[in-house]
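Order of the sequence lines sets the chain letters (A, B, ...), proteins ahead of strands, with each chain counted from 1.
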2 protein chains.
Amino acid sequence: MTPRQQRLEQQRSDILQAAASLIAQRGFHGMSMRDLAEATGFGVSSLYNYFASKEELLAELQIRAFETLIDAANDSLKDTHDAASRLYVFIFNQVRYFVDHADIMRVLIHEAAALPAEHRQRVRTLKEDYFRIGRDAVAAVFAEGCGPKESARGTVEPVALDRATYSIFGMINWVWAWYEPTLHGTPEDVARSIHSLAVCGLVARCPATPTHDQLPGSLGQRQVSLLMNRPTATK
Amino acid sequence: MTPRQQRLEQQRSDILQAAASLIAQRGFHGMSMRDLAEATGFGVSSLYNYFASKEELLAELQIRAFETLIDAANDSLKDTHDAASRLYVFIFNQVRYFVDHADIMRVLIHEAAALPAEHRQRVRTLKEDYFRIGRDAVAAVFAEGCGPKESARGTVEPVALDRATYSIFGMINWVWAWYEPTLHGTPEDVARSIHSLAVCGLVARCPATPTHDQLPGSLGQRQVSLLMNRPTATK
DNA sequence: AATTGACGAACGAACGTTCGTTCGCCAACC
DNA sequence: GGTTGGCGAACGAACGTTCGTTCGTCAATT
């Protein structure tokens with residue numbers, strides 16, 4: 001990659017990052033290209049040297065973010081094998097992504113509908129891929145059970161599995177709406193709370209569940225790449 | 001209330017309902033007053049006979065909706081006393097509201113930031129009221145435990161309680177993003193899945209928890225008033 | 001019972017502003 | 001010296017809002 005292309009790519013990333021921040025605050029329709037120009041230091045028209053249109057910009061933002069998130073999840077999961085821990089890793093991966101890139105995550109959650117029809121399908125596919133990863137992790141916990149042998153095993157009704165998976169996604173995704181580092185503990189605390197709720201609920205004591213001490217709590221050491229660096233760019 | 005005022009109130013409600021639908025689809029900034037005029041059959045300028053501005057309209061929409069939701073929750077809870085059932089009732093109340101008024105709920109979740117500063121405080125207060133209702137229900141389950149006596153009782157760390165409550169809200173609030181009646185079962189199914197996850201988690205068996213058969217499953221018979229009827233107007 | 005007049009409710013047209021986007025031109029770099 | 005990346009100016013369209021006006025309705029006055 002020539003330095004020329006590198007510079008271009010860097011500035012595309014900067015613009016996307018600024019756009020994410022503005023869109024997170026005001027919504028896609030609430031951000032104007034003039035706002036974005038001011039935030040990036042470019043002139044309005046210069047932005048069109050990097051993105052064909054405002055909608056293309058949104059599409060690229062969402063696609064990159066989802067791909068980064070999916071890759072990070074796969075990467076985190078590849079060394080963990082027992083069901084409960086895998087679920088924790090999955091949860092923590094996304095919570096961490098949230099905390100590091102709150103703006104982007106907010107855009108991902110809010111502005112799917114603002115995409116032009118052509119790009120919507122691509123994002124939907126990515127979203128389904130991501131959902132499947134989460135659902136597999138949930139299904140494994142379901143199937144394995146947490147108790148020694150007395151707990152129920154086997155398959156679950158698919159619809160119920162979907163509902164449970166969506167609910168767990170809900171816990172994670174909702175983090176953007178409330179999490180304040182100074183008030184609500186570390187990202188690890190949040191991930192543990194969610195994981196504990198998902199596996200054991202509010203009240204149950206689930207003896208065979210790995211204590212959270214045993215879980216890969218320092219997962220965060222491998223820093224997720226800056227949002228906009230595609231996986232190929234990080235190695 | 002004169003028929004004159006009644007008619008006016010009715011049309012205000014109609015406009016708000018139409019606005020909710022449009023805002024749910026396109027976001028607040030994505031809906032123009034011309035869109036709203038077309039959807040309601042009014043001329044653009046006539047809308048200003050009912051609302052002072054676009055922002056006032058959003059504020060009124062959110063305030064009415066929250067008040068309706070809070071009243072419905074309090075109403076549903078007043079006859080239920082054991083902790084687990086109260087949590088179920090709370091969950092189901094909101095899930096039902098979701099299913100009946102998906103548009104409004106979506107606006108409630110997405111467009112809080114689009115409010116002018118003056119109205120934001122009012123909505124925030126309502127939101128905090130509602131949060132407290134949910135947190136009390138969660139705290140009671142926490143404190144009471146579900147098992148006979150071997151389960152832990154007593155108070156929980158407040159921060160952990162908040163995290164758990166927010167997570168449960170997350171499950172409920174995320175319903176808007178995925179629930180499709182033809183795919184995912186009845187609203188009762190959804191509420192039961194969430195309640196089960198909240199109380200018992202994915203795998204634990206929690207003997208003393210009331211089976212869902214015993215829970216007020218037919219809560220839905222008392223239909224929540226149409227969104228826009230303020231509590232004072234329903235009696 | 002007919003006339004009047006005040007008023008609520010609707011409208012189309014137009015306001016000034018801001019929107020996303022395009023164009024032509026200029027400076028800097030290979 | 002051509003290519004790239006930058007800009008201000010300008011575009012038509014759409015934005016939220018206001019304005020002057022009209023047209024029923026209905027109570028009070030004749």
C:dC19 phosphate, OP1 or OP2, under 4.0 Å from A:Ser32 side-chain N/O: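 For C:dC19, OP1/OP2 do have a side-chain N/O of A:Ser32 under 4.0 Å.
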
Rounded to the nearest angstrom, tell me the gap between atom [atom1] in [X] and atom [atom2] in [N].
X	N	atom1	atom2	answer
B:Leu58	D:dG16	CG	P	13 Å
A:Met33	D:dA14	CE	C1'	17 Å
A:Glu56	C:dG20	CD	P	15 Å
B:Lys54	D:dA14	NZ	P	15 Å
A:Arg7	C:dA28	CZ	P	13 Å
B:Leu47	C:dA9	CG	P	14 Å
A:Met31	C:dG20	CE	P	7 Å
B:Tyr50	C:dC11	OH	C1'	12 Å

If you only use heavy atoms from C-beta on, which nucleotide in [options] is closest to the side chain of [X]?
X	options	result
A:Tyr48	C:dG20, D:dG16, D:dT17	C:dG20
A:Ser45	D:dG6, C:dC23, D:dC19	C:dC23
A:Val44	C:dT21, C:dA10, D:dG6	C:dT21
A:Ser46	D:dT17, D:dC7, D:dA10	D:dC7
B:Leu8	D:dG5, C:dC11, C:dA9	C:dA9

Within the 4.0 Å heavy-atom criterion, would you say [X] contacts the bases, only the backbone, or no part of the nucleic acid?
X	result
B:Gly41	sugar-phosphate
B:Gln11	sugar-phosphate
B:Phe51	nothing

Does a distance-only test, which skips hydrogens and angles, find a donor-acceptor pair under 3.5 Å between the side chain of B:Asn49 and the base of C:dA9?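 Counting by modelled atom types and ignoring angles, no donor-acceptor contact under 3.5 Å is found here.
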
Under 30°, 30 to 60°, or over 60°: which ring-plane class applies to [X] and [Y], parallel, tilted or perpendicular?
X	Y	value
B:Tyr88	B:Phe92	parallel
B:Trp178	A:Tyr166	parallel
A:Phe169	A:Tyr130	perpendicular

Of A:Val175, A:Ile194, A:Val190, the residue whose pairing with A:Ile91 passes side chain to side chain contact (heavy atoms under 4.5 Å, CB included):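 The residue from A:Val175, A:Ile194, A:Val190 that satisfies side chain to side chain contact (heavy atoms under 4.5 Å, CB included) with A:Ile91 turns out to be A:Ile194.
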
Strictly distance-based, threshold 3.5 Å: is any side-chain N or O of A:Asp136 a donor or acceptor partner for the main-chain N or O of A:Ile133?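 No: the side chain of A:Asp136 does not pair with the backbone of A:Ile133.
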
